[in-house]
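Worksheet: one structure, shown below.
Because only heavy atoms are used, hydrogens play no part in the values below, and waters and symmetry mates are left out as well, while side chains stay in.
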Amino acid sequence: MNINSNTIVTWCDRIIMGGIFVIAFLVPLYIDGNISECFALAKVLLMYALTAILLIVWLIKMVIINDFRSIRTPLDFPILAFLIVNILATVFSIAPIISLLGLYNRNDGLLSLICYIIQYYMVVNFFKTKSSVVWLLSIIVCVGGISGVYGIIQQLDICPAAWMPNDLYRVSSFFGNPVFYAAYTMMAFLIGMGLYLFSGCERIERSDSDRKGLRGTPWLSIFWGICLLVIFCGFCLANTRGCYLGLFGGVITFFCLAGKELLSKYRIRLIIISLGIFIIFGWYNIITTEYSVLKRFSQIYPVSSNEGKGASDPSSDIGFAGSQRIFIWKTAIEIVKDHPLFGIGIDTLSLIYPLYLRDIFPEEYGSMGQVADKTHNDLLDHAVCQGLIGLGVYLWGLLSFFAIAWRFYRYSSSVDRPIFIAFISFAIGFLIQNQFSFSIPCISCIIAVLVAGMVVYGRQLSIPLICKTRISSLFLFSNCTQSEKILSKENIHNKQQTLSWMYYLIIMCISSVFFIFIFNLYMADRHYYIGKSSDDIDITIQEYRKAVAFNPYEMRYYMVLNKAYMDKALKMPENFSYHKLWTKESTDRIKRMLEYIPEHADSYF
């Protein structure tokens, strides 16, 4: 191999590693005011584009070194099984297109899952030191701090950008929804706690490949302490009950795993940060009752009398939000009974939820919310969308993760232990809050790189070989050692040196098609936004037609176009021919939509 090829390989490594940092920093913060869904869709399209670019770079490196293998990890089998189950759930979905691309405003389909897996293996293959993982964690916590500052700005009502109607008592920062914002800040807070203790070490141990150690300084500890307080301020302003439960569970886990040794060693800084958190919590939940999560918890129970309500009515026992969860969960259980193996397909609950709800609760149907695209319970979501097989594989993955994390924790030194405590506590906290909510792609991709970061960090530890005869090893791990062989430049010279231009041509063709696909998704929502913002019904119809042309598989665009046709027809009742024409346009669109998705309940209604 000539010197130029070695240089290209080196730059490929740097680009991919830097690209993961960019994804971790930019995707959660990105907002695009030029499209209708300026939060969720904007972040997803950016994630698609950045992941595609990094994958192209990785493929170029593979072609150069003539090696298409990836480093094996202890989570390979669960990840592969979960991918296969999701592919089958998409194939047998009631709406395969939606399961592939995801529902509008959620975008959590099979394509997003593939992006998470690619990001996981990028971190595993290109992050080779403890310090690189620490930098990744630092970026995530800094994003939490930046989001906290922006949340405070929103609460003070001094934000110059009007992305959406601002709720001063439940801010959403860069995430468009206070629930998602609170979920991210909860995760960033627990990771930040690990860095807060980690930065107190006199010297942070790195792998043998590092030339210098990263030294902890008092200023770094102060910086992380300030970040934690800002993050917690934003968390309180999001005012989300499920995330408070998750944070409580994560903090309890953190202190239990820290043990007497670490708690005693860092007692001063823990007392300082705990005092600050106590003051912030008291201010937002006791003194300033408008932001009080205690008040929101009390609203779970009805304030008004239950007189006149039937005993079978869930709202007779709990408040509105709680009753809606009960309705959704009971309906989801019935859906699982009808689709037990591979579920109804990823992100398709909203299509058939109204039909099941009407059959299960015929008396309460007219007085309750008839739209639900998630069950607001992580385990039920997997059971509904991927079936009981998918739920079983998901639980296998969770057990594998915690088994590996526990092993790393046990064999870590007192220096590294805060990092593994942060990994475990954030996972516990996120799982707890996800039993009352759900994740979105800009958070799920961060979780993917965090899980990979834990594997990379644990790979640097000196851990004894796992016994080959243990049954658990066969199910939890894809190999019998925690010491992975990294594909490095030393192996390049042992590979075939011939460059295949056919590979480059294939990469260019596939990447071009994918970027055109991303462009079409963006332009479709751009035209949807223009049409929605116009007061002229003719311009609205024209723009909605363009949106459908760019993305003919998005049901939201069909539905708003149908409504625009009906509005046009209603504006000219005296002209029967035009009225009939626009009504026919609407019904034709509905029929076409039902050809794509026969199970789309709203089209029948």
Side-chain angles (χ1 to χ4, degrees), residues 19-55 98 100-120 122-123 136 139-151 154 159 161-164 171-188 234 238 240 243 346-347 373-374 430 434 437-450 514-515 517-526 528-529 551 554 556:
I20 293 295
F21 289 146
V22 172
I23 289 175
F25 181 80
L26 203 56
V27 169
L29 298 179
Y30 183 64
I31 301 174
D32 191 336
N34 295 315
I35 59 178
S36 176
E37 189 46 59
C38 59
F39 294 100
L41 183 61
K43 297 177 192 298
V44 167
L45 294 181
L46 179 64
M47 182 188 73
Y48 286 169
L50 292 176
T51 304
I53 292 171
L54 298 184
L55 181 60
I98 289 182
L100 177 64
L101 303 179
L103 191 69
Y104 186 82
N105 195 33
R106 301 304 180 207
N107 307 106
D108 203 14
L110 179 63
L111 186 58
S112 295
L113 175 65
I114 293 173
C115 286
Y116 309 150
I117 294 174
I118 291 173
Q119 292 162 11
Y120 171 86
M122 283 179 180
V123 173
L136 180 63
I139 289 174
I140 292 171
V141 177
C142 287
V143 169
I146 295 171
S147 301
V149 171
Y150 188 52
Q154 287 181 332
C159 177
W163 307 110
M164 60 182 296
V171 302
S172 57
S173 189
F174 294 98
F175 295 84
N177 188 307
V179 176
F180 305 144
Y181 171 48
Y184 187 92
T185 51
M186 177 202 66
M187 180 172 64
T240 303
C243 292
I346 309 170
D347 247 7
D373 50 25
K374 298 287 185 180
F430 194 80
N434 243 23
S437 183
F438 54 92
S439 185
I440 55 175
C442 69
I443 295 178
S444 297
C445 72
I446 301 300
I447 293 175
V449 299
L450 281 173
F514 189 71
F515 283 116
F517 163 74
I518 295 175
F519 175 77
N520 285 344
L521 294 183
Y522 181 87
M523 290 304 299
D525 209 56
R526 171 64 179 160
Y528 172 46
Y529 175 68
N551 186 4
E554 178 50 64
R556 172 67 63 87

Report yes if some heavy atom in the side chain of [X] is under 4.5 Å from a heavy atom in the side chain of [Y]; otherwise report no.
X    : Y    : answer
F39  : I440 : no
E554 : L521 : no
Y30  : C442 : no
I518 : F514 : yes
L111 : F517 : yes
V44  : E37  : no

Is the distance between the ring centroids of F180 and F438 under 6.0 Å? yes

Six-ring centre of F174, K43 cation under 6.0 angstrom, axis tolerance 45°: no

Just to verify, which of N105, L103, D347 counts as forming a side chain to side chain contact (heavy atoms under 4.5 Å, CB included) with D373? L103

From the options L110, I98, L101, select the one residue that forms a side chain to side chain contact (heavy atoms under 4.5 Å, CB included) with I346. L110

Under the 3.5 angstrom rule, does the side chain of [X] hit a backbone N or O of [Y] as a donor-acceptor pair?
X    : Y    : answer
Y184 : I140 : yes
D525 : S36  : yes
Q119 : V449 : no
Y181 : S147 : yes

On a heavy-atom basis, which atom in [X] and which in [Y] lie closest, and how many Å separate them?
X    : Y    : answer
F515 : I53  : CZ-CG1, 3.6 Å
I443 : A183 : CD1-CB, 4.1 Å
V143 : P28  : CG1-CB, 3.9 Å
Y120 : A448 : CD1-O, 3.7 Å
Q154 : S173 : OE1-N, 2.7 Å
V179 : S437 : CG1-OG, 3.1 Å

Evaluate whether atom CZ of F25 has more than 12 neighbouring non-hydrogen atoms of other residues, nucleotides or ligands under 6.0 angstrom away. no

Crowded around Y522 OH? As in, over 12 foreign heavy atoms under 6.0 Å? yes

Measure the spacing between [atom1] of [X] and [atom2] of [Y] and express it to the nearest 0.5 Å.
X    : Y    : atom1 : atom2 : answer
L55  : I118 : CG    : CD1   : 4.5 Å
L45  : L50  : CG    : CG    : 11.0 Å
N107 : S444 : CG    : OG    : 11.5 Å
I20  : L136 : CD1   : CG    : 8.0 Å
L450 : M187 : CG    : CE    : 6.0 Å
I117 : C445 : CD1   : SG    : 13.5 Å

Criterion side-chain contact (heavy atoms from CB on, under 4.5 Å) on S439 and F430, from CA distance to verdict: CA-CA 9 Å; S439 185; F430 194 80; 3.7 Å; yes

Decide side-chain hydrogen bond (donor to acceptor under 3.5 Å, both in side chains) for D108 and Y116; before the verdict, give the C-alpha distance in whole Å, the side-chain angles of both, and the deciding distance to 0.1 Å. CA-CA 11 Å; D108 203 14; Y116 309 150; 3.0 Å; yes

